[in-house]
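Below you'll find the structure, written out as structure tokens, and then a few comments.
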Amino acid sequence: MTSPAQSTTRSMIDITDLTVTKGGQTICHVANTTFAHGSTVGITGPNGSGKSTLLRVLAGIETAFAGECVVDAAVKDRVFVHQSPYLFSGTVLSNVEYGLKARSTSRSIRQEQAVLWLERFGVAHLARRSVESLSGGEKRRTALARACVLQPKLLLLDEPLADLDPAGIDSVAQSLNKLDASTILITSPSPLPPDLTQATISLRQE
Amino acid sequence: MTSPAQSTTRSMIDITDLTVTKGGQTICHVANTTFAHGSTVGITGPNGSGKSTLLRVLAGIETAFAGECVVDAAVKDRVFVHQSPYLFSGTVLSNVEYGLKARSTSRSIRQEQAVLWLERFGVAHLARRSVESLSGGEKRRTALARACVLQPKLLLLDEPLADLDPAGIDSVAQSLNKLDASTILITSPSPLPPDLTQATISLRQE
Amino acid sequence: MIREGILEALQLLLRRDASVIDAATRSLWISIVAVIAATVVGISAGLLLARKRFPGRSLLVLLLRVGMSVPTVLIGLLCYGLLSRRGTLGELELLYTPTAIILGEFFLALPIVATLTHGAITRLDPRAFETARTLGAGPLQRTVTYLREAKLAIALAVLTAFSRCFTELGIAMMVGGNITGRTRTLTTATALETARGEFASGVAMSLILLSIAMLVTLAIALLSREAAEQVS
Amino acid sequence: MIREGILEALQLLLRRDASVIDAATRSLWISIVAVIAATVVGISAGLLLARKRFPGRSLLVLLLRVGMSVPTVLIGLLCYGLLSRRGTLGELELLYTPTAIILGEFFLALPIVATLTHGAITRLDPRAFETARTLGAGPLQRTVTYLREAKLAIALAVLTAFSRCFTELGIAMMVGGNITGRTRTLTTATALETARGEFASGVAMSLILLSIAMLVTLAIALLSREAAEQVS
Amino acid sequence: SDRQPTDGKPESSKTAVPHASGSSPPESVLKVASTTSTRDSGLLDVLLPEFEKANNCRIDLIAVGTGAALKLGEAGDVDAVLVHARSAEDKFMDGGHGIRHEPIMHNFFIIAGPAADPAQAKGHDAVSALQKVATGEHRFVSRGDDSGTHKREQSLWLKAEGRPEWEDYVESGQGMGPTLIMADEMNAYVLTDEGTWLKQSDKVQLVPMVKGADDLKNPYAMMVVNPDKSSAINADLANKFSDFLISKRAQELIANYEIKGQRLFHPDRLKQETPE
Ligand SMILES: Nc1ncnc2c1ncn2[C@@H]1O[C@H](COP(=O)(O)OP(=O)(O)OP(=O)(O)O)[C@@H](O)[C@H]1O
Ligand SMILES: Nc1ncnc2c1ncn2[C@@H]1O[C@H](COP(=O)(O)OP(=O)(O)OP(=O)(O)O)[C@@H](O)[C@H]1O
Ligand SMILES: [Mg+2]
Ligand SMILES: [Mg+2]
């Protein structure tokens, strides 16, 4: 990841001919694309078109790729939410506090923030529950709250709407609106609700 | 599960005031409901309304419930697909053959059938791939093929469309059409495509 | 001492010292037989305790865990009590035979395999059990599935048990008797050399034991990998 | 013999036999210190080998696995060579002290903890690592997270190592010396009683050892459960 | 400790008559329990093959602690016992566990100690040497395992009017080999049997202090286990083995057995030739 050409009006993400190859096959290809700071962009494409792979590259998790990919945020300022989120064993609250702990937020603020975001996603009543007993949608909401509470510069959400009910989708839209400073990428195999994103790019099966 | 009242024109599923309680809370409640043989029924309801729980009761996995629930199929004739499917380590093909092996299907028929259903779900080209490297949608398709290939009397699909692209949703619709003899229940947190189901029941958050 | 030990080990191996090869072979097959038996019983027990609910289950789990702390001297003593001519099984005349050592090592390995297998199966994703059941797998197919899903942990359990048996001394001494050419193993030979003050020879014996252990470790790693590919 | 052993064990415990309590206490604290040290080093090694990629990593994993097969007599011999008056560390005058036993048992426990921890961490869901990283957890928080996610397996690793140390004989004999009142442990006491032909007393000593092991097993089970709740 | 009269039917052996047809006749087996120091002397490696060959049999030698060896005999798990602990042997015979008790040979215990001899024990007899060690509270390593050697140490202390308690009196609870090593590491005095001493003397820095005195005599004996204990006891062969051990041939082998150029045992049944 080299430094971008024009540093004054640079974009959050600058992709030049990004290609990821696994097992001899190109599994993700993105031609020249930029994502502006603060934008919320949808990434659609059929199953297996490389959406998750793209997000993993942008998150800094997947590092084996060809082409260029410049991200204007340190890896620690990017947060990625898995397509099928992984919750640490413990309570819902402890999960949402996890990243805040890493950022040495004080205990009281941590809890306050965590509960606030759990409320926004409609699962504050589950704060003390052990994650094992959550329903699919409740797990998703917890994972989203755990990411959003960090208000990262770059938020990478892999199919966040997959198992949410309409109210949940609404809560995502409203929550993301609160993250003015963040650039947000949202994948989906089917078209996203138009009010959620400002733009959408499409991946094609290679 | 007692034997049904009218054995001649009995329905596949007869539910009388089914209630599941966990941690002191009712997590799933269904008043008197019947599902006819051969019908495909949608079950919708918000996150946490008990959709998965209902399917688990019907599958015979969850056995702690109050009320009555009569299913006109042995437990071994009911197949349940998790909301987040679990694939056994190995190849896609070995997963789809799994249930056929359990039914002592001959090797050649097993493979033929498995490939056929993988084709129907559009993932026949992945047959030899190890499941770890699949994308979310590819995993889902594999799990659905693994269940459908058994052509069970009762097929319980927990949010099967969650991470499928439009083509994938189409393949589900067409595949389920091939299962004439099966009664199929499909959950979803949001309304299902109308051509997929003949009827829909709604659960409410308790 | 170490350098001398290595040299002596090499010498013994190069000139194919008959008594060393005899002890090494015996050590190996005794442990393998004991561990195979313990693996069969221990994996079954571990699976059962992880999957079936019955009264007294957690007590059994606890007992098996404590069972890992049964010293070999005690197993040796108890087996002696059993196999002695005054004991219950005295008539079988098994005392001071390799069979007696196998019996003792079986009891040594059993709680290790059972406890670690139980742990491995318990840690599996509960959906694995539900999926196997809903797809109609019978007891055998289910068992194979669970073992495959936990194969690394179970291979480690078997390896741990093997290491324990292959290096144990108390049982081999007590019920084997360390009889030259009959029940002498690499560890009793090591102990013998050590007691005689022949430290370099003791080190040599142990090094030979270690090189065999290395081969077995590799074999278990390969076997568990292959088993994974075959059953699928 | 068993019945007599149980009776004698009870008698020894009831009249709080000084030499038995002395040996039991020593056995316990020696193993605990050794296992704690091995746990710290072994868990770190296991984590490192599971998470970091560097040349020679798989060789190290293999060596640690083989390390589980180092017989206690060999560890005893090597430690003796090190601590003997003529050895490298002879000046420390550690031979025939509890410290010497701790040193030996540390090497006995280390490969067990490291191998089983490595296995446990390797088996974790890869998303666990990715999630911890993407949420910005530093090395310490990540470590705590991974250990918590693998806590049952790691508790079993520690228990296995403890059982091994608590019941081992070769090291305690060789570098401890089984000196009355100074380095005698429950296992060396068992061995002594056995050599004297006092089989029932041997059984009694082992039974006392076992009852302590039972308490430790329970303690580890509780601790690992509590640790899980605290760190969260 | 008297000899029972059962020892006199050496000809009735089933082992002497191998099965006619079988290619490998079933070997008859003699199980002998001995003390570890006896085994470690290496003498049995010379004696046993000789007997095995002559009688077409096999001897399983089980070397354990003195107490354990006697217990194995009491339990009937072995056919013969070879130990050096006179009082324990008497008890064994009095208890009816043995039918025959044959003194075979003897050698001597040695009191060894650091070359500097801080207790100035050298040149004294065993009892006063021990007294000097005790009064000076010098380091002494005792086996403390009720073995023949330990029992002898205790009887010496009795003659020395009891053993005072002192800090540096260490009980190893181990066999002779490890105990000798421990004494060497600790620069301590120790009572050892001659066999172990000769085997290991070049590895230790200790030197002999008291040697060859009468109260350090170390007699070895063979006992045949009472066959009433179990039908599986091979008393015939055990008797034959006893006969062999006191035979001229075996006694000569014993007399000529050397470690590092030194004779180790004095046969008891070769009167005219026994030196001393
Ligand atoms: N190691 C691998 N070898 C071969 N193909 C791989 C490997 N890893 C991933 N793939 C393939 O890469 C493709 C892209 O995967 P990715 O997870 O990015 O898809 P996706 O767009 O997120 O799909 P979905 O909508 O199903 O989540 C998939 O077809 C997957 O099978
Ligand atoms: N052990 C438990 N204790 C308390 N509540 C529980 C327990 N197990 C499950 N629940 C709750 O039961 C409710 C129903 O769960 P279920 O998984 O059936 O919901 P669902 O309708 O499938 O939701 P989703 O659309 O999110 O998948 C959830 O709110 C869940 O948190
Ligand atoms: Mg994806
Ligand atoms: Mg659900």
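Keep in mind the model is a prediction, meaning the values are calculated, not measured. Just so it is clear: chains get the letters A, B, ... in the order the sequence lines come, proteins before strands, and each one is counted from 1.
In this structure, the separation between CZ on Arg123(C) and CD on Glu149(D) is 12.5 Å, given to the nearest 0.5 Å. The structure places OG of Ser206(C) at 9.5 Å from CD1 of Ile75(D), a figure rounded to the nearest 0.5 Å.
At a threshold of 4.5 Å between non-hydrogen side-chain atoms, the residues Met205(C) and Leu74(D) do not count as touching. Counting heavy atoms from C-beta on, the side chains of Phe199(C) and Met174(D) come closer than 4.5 Å. Side-chain contact between Ile220(C) and Arg65(D) is absent, with no heavy-atom pair separated by less than 4.5 Å. Residues Thr167(C) and Arg164(D) form a side-chain contact, since some pair of their non-hydrogen atoms from C-beta on lies under 4.5 Å apart. At least one side-chain heavy atom of Leu169(D) sits under 4.5 Å from a side-chain heavy atom of Val73(C). Thr217(C) has its side chain out of reach of Met68(D): every pair of non-hydrogen atoms, C-beta onward, lies at least 4.5 Å apart.
Per-residue counts of heavy-atom pairs under 4.5 Å with chain C were compared for Gly202(D), Gly119(D), Ala153(D), Ala213(D); the largest is that of Ala153(D). For the options Leu218(D), Val66(D), Thr160(D), heavy-atom pairs under 4.5 Å to chain C are most numerous at Val66(D). Highest contact tally toward chain D, considering only Leu152(C), Leu209(C), Thr190(C), Asp125(C), is held by Leu152(C) [criterion: heavy-atom pairs under 4.5 Å].
In this structure, the portion of Thr194(D) lying under 4.5 Å from any heavy atom of chain C is its side chain and not its backbone. For Leu210(D), the parts lying near chain C are the backbone and the side chain together; criterion is any non-hydrogen pair under 4.5 Å. For Ser84(D), no part sits under 4.5 Å from any heavy atom of chain C, backbone or side chain.
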